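Just so you know, residue 1 is the first one in the sequence shown, and it goes up from there. Treat the numbers as computed from the prediction; the structure is a model and nothing was measured. Note: hydrogens, waters and symmetry copies are ignored here, and every other heavy atom, side chains too, is used. Every number for a ligand or one of its atoms is a count from 1 in the order of the listing.
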Amino acid sequence: MEEKFTYKQTLPSVPAGLKTTRAEARFLIHNDYAYHEAHGYPTTIVTCGILIDESPRDSGPFHVWPGTHKKNLQHEPVGEKSYQVPATALDPDGGIDIIAKAGSVVFFSDLLVHNSGPNLSPQPRRMLFFSYMPHGSVSDSDARNRPVRMAEAPFEAHYRAEKENKRFVDLFQAPVD
Ligand SMILES: O=C(O)CCC(=O)C(=O)O
């Protein structure tokens, strides 16, 4: 019902005009149900996460709190679009890093609390996620991300056209092998 690609890589230099802070280069402590609930998705979703790159400790590996899938932990809003589990509900310094080779796969419940820190390594840290809901669930698949993707489509088309017409050159490349 949903797919996501997360991509963390240190830029060789910060492009002019790009405002960013290190605090943004991470995923908050959350479960995916905190986001799925608003779209009527069930708690029984299972997500398959594929590590595209090897993820050593300094790469901001996927980090999970084992056992937290047994009960939905309440989240607090952060800004307008994000949620996190408050530090009173679990030990923010707990949990375990998933240190694994490229091609490894993790399956996890929608209720499993996870996060990941900034990628401080020179290599990209990419993951692909595919979420599945049980057959017969009433929810519309892709309800959460489709509107965002539609809104972003003109920007992507502009980027592709600028590249094709050689008016823009990518500032960095990720390895493709
Ligand atoms: O890619 C990661 O490290 C975490 C991604 C994540 O938490 C999410 O997409 O919900």
Side-chain angles (χ1 to χ4, degrees), residues 1-11 20-87 89-133 137 139 141-149 151-152 172 174-175:
M1 39 66 68
E2 186 171 283
E3 64 219 27
K4 294 180 294 193
F5 179 51
T6 60
Y7 189 157
K8 297 192 278 189
Q9 181 170 8
T10 306
L11 292 167
T20 181
T21 65
R22 172 148 292 187
E24 288 169 348
R26 66 191 162 87
F27 288 91
L28 299 170
I29 300 175
H30 70 282
N31 69 26
D32 289 346
Y33 184 65
Y35 295 87
H36 290 159
E37 187 177 9
H39 300 282
Y41 291 143
T43 55
T44 44
I45 286 168
V46 169
T47 294
C48 157
I50 304 169
L51 281 73
I52 306 295
D53 305 293
E54 178 143 17
S55 58
R57 213 165 293 282
D58 65 347
S59 71
F62 194 58
H63 185 95
V64 305
W65 277 257
T68 49
H69 64 289
K70 292 180 185 159
K71 185 175 138 240
N72 184 30
L73 286 180
Q74 288 310 307
H75 289 59
E76 61 187 9
V78 178
E80 279 174 29
K81 291 189 194 147
S82 302
Y83 299 96
Q84 70 179 0
V85 177
L90 98 179
D91 175 9
D93 298 321
I96 54 167
D97 282 339
I98 306 292
I99 307 287
K101 297 217 174 302
S104 302
V105 177
V106 287
F107 289 91
F108 58 96
S109 154
D110 223 40
L111 298 182
L112 185 74
V113 174
H114 58 276
N115 80 335
S116 67
N119 179 4
L120 304 177
S121 79
Q123 303 302 324
R125 202 242 58 178
R126 296 165 291 178
M127 278 186 81
L128 257 176
F129 297 92
F130 297 97
S131 295
Y132 300 89
M133 57 187 170
S137 299
S139 326
S141 72
D142 200 25
R144 180 162 83 108
N145 291 330
R146 191 189 305 121
V148 179
R149 201 168 39 249
E152 288 175 354
F172 68 100

Chi angles and distances behind the side chain to side chain donor-acceptor pair (under 3.5 Å) call for R146, S141: CA-CA 9 Å; R146 191 189 305 121; S141 72; 5.1 Å; no
Is there a ring pair (Phe, Tyr, Trp, His ring centres under 6.0 Å) between F62 and H114? Walk through the geometry before answering. CA-CA 7 Å; F62 194 58; H114 58 276; 5.1 Å; yes
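Aromatic pair Y35/H30: ring centres closer than 6.0 Å.
Using a 4.0 Å heavy-atom criterion, the residues that approach ligand 1 are K4, T6, F27, H30, D32, F62, H114, S116, R125, F129.
Residue pairs meeting the salt bridge (charged side-chain N to carboxylate O under 4.0 Å, His left out) criterion with at least one member in residues 98-116, sequence neighbours excluded, are E54-K101.
Of the residues K8, H63, R26, the one that meets the side-chain hydrogen bond (donor to acceptor under 3.5 Å, both in side chains) test with S116 is K8.
At distances below 3.5 Å, not a single donor-acceptor pair connects side-chain atoms of D97 with backbone N or O atoms of I99.
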